[in-house]
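Take a look at the structure set out below.
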Amino acid sequence: MERNILPKFLPAGDRALTVEFGNEISEEINNTVIGLKYILEQQNMPEIEEIIPTYRSLLVYYNPLLTDLVSLENKIKYIANSKISTNNTTKTKNKTCVVPVLYGGEYGPDLAFVAKYNNLTENEVIEIHSSVAYKVYMIGFAPGFPYLGGMSKKIAAPRLETPRKLVYAGSVGIAGSQTGIYSIDDPGGWRIIGRTPLKLYNPNNNPPVLFSAGDYIKFKPITIEVCEEIKKQIALKSYNLEWI
Amino acid sequence: MKLLVKKPGLFSTIQDNGRMFYQKYGISQSGVLDDYSYKISNMLVGNKLDEAVLELTLFGGEFEVIESGTIAITGADMSPKVNNKQVPMWETLELSKGDVLYLGFAKEGCRAYIALGGGIDVPIVLGSRSTYLRGKIGGLNGTILQEGDIVSSFKTKALSNKCRLPAEFIPKYLQDNTVRVILGPQINYFTRNGVKTFLTEKFIFTNDINRMACRLDGASIEHKISGNIVSDGTPNGAIQVPENGKPIILLNDRQTTGGYPKIACAITVDIEKIAQAKPGDSVGFKAISVPKAHLIYKNYLGNIILIRNVLNSFST
């Protein structure tokens, strides 16, 4: 498939520049985006204020007192080019975080629906959902909310017709062929199949969120006893995330 | 100084310059919507320009002074009164213990700002004192002002010199504005007619306006194919157009990413015009180049420095 490895530069107002690598969801494009983000962050570029990586582009906030659009574009183009020529596009950290999930019951009220919808048992849904590592393509929508890629279509399920007024933080859901974790209490229409005791957003921590774009997540089924124990440890700040 | 909140108003929060460096974590930038009124209010009480202030929306509320000090009110005209007597805006006011400050409905503009001499004393959370409702952080307990809250300022040396902003620097809030924009980043998601509609029609601010976004009504802007994109970053002032063709202007508390195509982004200096628009007001859009927008921004900052010098020369 033909792809633009070289980015397009699109002005996004007078303080930001969109550096776009494509307009689809693909792991290759996303790796390129995250690769460039790491490299830009390592440069000493005081004119850049903030970089937001997304599925397929970077939004680069800049200080118009320190640069103009043409200079900034040229500088990023140069960095992107030299990066590609050294074939360093996808060298990002590949770590996988284990996310314990209590599936079903009161914490996963839609597990039965997802199973029935796909002619599977609840255990088969859990098995499929927790068997692969999901890539965090980007963070957005809410503080610390990870957009995950790579869910099996075997457990895909449509959103609720009427969204719930409140979905608790930590709820693990399915919407179409996407899966995700609610990072804050929020209204929402995803099919909720379980809940993690982990806090994806905690403003008292630095960084305040658990995951960054480029991380991987693997779900691990746990029992109510383990869930309660993890909650206790989190409250006592003695819980250590499990990275594999 | 200390203010006791007797009536919290419609939507009152503590805001400063906003949060930087956290948008990649999905945390909104927050901060004052009207930068000009904000900076002037701080100048008038002798603060640094980036101290936290109160931002009041459409209806101000009532505050009892429980420890005296100075304030300045700028932005929307909510007919401020102290002990039932009209007081001027855009100048330093001295308030004494027991005084009651009242701000009514906005006659002109939408958002008023109150700076307290010394700056509002709330903790810095993730680099800012700004209230961020969705993240439940900043301001007082991460939420809007409640009856019974006490808004305190940092201790400051003797009352700062009183001063008044010269009339030529006081903005007029019109019910019809032209907001200058940079076209894109998704301009090619719209037909030529769609772009023409955007740049020639007037749009009306609906009742659905808040610190996250303003929904506009008016002619429908035509997409080429679809009103959806693979989500990408959303700069401040971005004007996104969902499937129904009605533009939405994103503001400081917006989500950091979004899935609607953005036809244009308002220039930084014109965001205050959007911030001061009330439901029913109208707006048109005019495209300018990025270098032009940067020049306008630099002139704006130059003007701020000029005003600070003018105020300093009056007060010494």
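Heavy-atom basis, side chains included; hydrogens, waters and symmetry copies ignored. Just so it is clear: chains get the letters A, B, ... in the order the sequence lines come, proteins before strands, and each one is counted from 1. Computed from a prediction, not measured in an experiment: that's the story for all the values here.
- The candidate with the highest count of non-hydrogen atom pairs below 4.5 Å against chain A, out of B:Gly233, B:Cys265, B:Pro185, B:Ala264, is B:Pro185.
- The heavy-atom pair separating A:Tyr62 from B:His294 by the smallest distance is OH-NE2, 3.1 Å.
- For a residue to count as touching a neighbouring chain, one of its non-hydrogen atoms must lie under 4.5 Å from one of that chain's; by this rule A:Leu17 does not touch chain B.
- Rounding to the nearest 0.5 Å gives a distance of 8.0 Å between OG of A:Ser57 and CD1 of B:Ile229.
- Between chain A and the options B:Ile296, B:Ile239, B:Thr234, B:Ile187, heavy-atom pairs under 4.5 Å are most frequent for B:Thr234.
- Residues A:Pro143 and B:Tyr132 meet the side-chain proximity criterion, which asks for heavy atoms closer than 4.5 Å.
- The number of heavy atoms from other shown groups lying within 6.0 Å of NZ (B:Lys286) does not exceed 12.
- Ranked by heavy-atom pairs under 4.5 Å with chain B, the list A:Tyr55, A:Phe145, A:Phe211, A:Tyr61 is led by A:Tyr61.
- B:Leu126 places a side-chain heavy atom less than 4.5 Å from the side chain of A:Pro208.
- Listed for the A:Arg56 side chain is a donor-acceptor partner under 3.5 Å among the backbone atoms of B:Val230.
- By the neighbour-count criterion of 12 heavy atoms within 6.0 Å, atom OH of B:Tyr260 is sparsely surrounded, having that number or fewer from other residues, nucleotides or ligands.
- Contact of A:Ala16 with chain B is made through the side chain alone, with heavy-atom distances under 4.5 Å.
- Under 4.0 Å is where a charged nitrogen must lie from a carboxylate oxygen, and between A:Asp186 and B:Arg134 at least one such pair does.
- A distance of 12.0 Å separates CD of B:Gln23 from CD1 of A:Ile51, quoted to the nearest 0.5 Å.
- Neither side chain, B:Tyr22 nor A:Glu50, offers a donor N or O lying under 3.5 Å from an acceptor on the other.
- Counting heavy atoms from C-beta outward, A:Thr18 and B:Asp232 have side chains that approach closer than 4.5 Å.
- A heavy-atom distance below 4.5 Å is not found between the side chains of A:Ile52 and B:Tyr25.
- No other option in B:Ser231, B:Gly237, B:Gly142, B:Ala238 has as many heavy-atom pairs under 4.5 Å with chain A as B:Ser231.
- With a 4.5 Å cut-off on non-hydrogen atoms, A:Phe9 does not touch chain B at all.
- Salt-bridge annotation for B:Lys24 and A:Glu41: present, with a side-chain N of the basic residue lying under 4.0 Å from a carboxylate O of the acidic one.
- In this structure, chain B has a heavy atom under 4.5 Å from the side chain of A:Tyr201, while its backbone stays farther away.
- For chain A, the nearby parts of B:Ile267 are the backbone and the side chain; heavy atoms of each come within less than 4.5 Å.
- Residue A:Lys232 qualifies as open at atom NZ: its count of foreign heavy atoms under 6.0 Å is 12 or below.
- Side-chain atoms of A:Glu49 do not come within 3.5 Å of backbone N or O of B:Met20 as any donor-acceptor pair.
- Other residues, nucleotides and ligands contribute at most 12 non-hydrogen atoms within 6.0 Å of the NZ atom of B:Lys292.
- By the neighbour-count criterion of 12 heavy atoms within 6.0 Å, atom CD1 of B:Ile225 is sparsely surrounded, having that number or fewer from other residues, nucleotides or ligands.
- Side-chain contact between A:Leu65 and B:Tyr297: present, with at least one pair of heavy atoms (C-beta onward) separated by less than 4.5 Å.
- Environment of NZ in A:Lys199: sparse, with no more than 12 heavy atoms of neighbouring residues, nucleotides or ligands closer than 6.0 Å.
- For chain B, the nearby parts of A:Ile139 are the backbone and the side chain; heavy atoms of each come within less than 4.5 Å.
- The choice from B:Leu183, B:Leu301, B:Val290 that makes the most heavy-atom pairs within less than 4.5 Å of chain A is B:Val290.
- For A:Arg164, the CZ atom counts as densely surrounded, since its 6.0 Å shell holds more than 12 non-hydrogen atoms of other residues, nucleotides or ligands.
- Using a 4.5 Å cut-off between heavy atoms, A:Pro203 touches chain B through backbone and side chain atoms alike.
- A donor-acceptor pair under 3.5 Å links the side-chain atoms of A:Asp14 to the main chain of B:Thr268, judged by distance alone.
- Residues A:Pro11 and B:Ile182 approach most closely at CB-CG2, 4.1 Å, considering heavy atoms.
- Within the 4.5 Å cutoff, the side chain of B:Asn236 has no heavy atoms near those of the A:Arg15 side chain.
- At a 4.5 Å heavy-atom cutoff, the contact between B:Phe21 and chain A is made by backbone and side-chain atoms alike.
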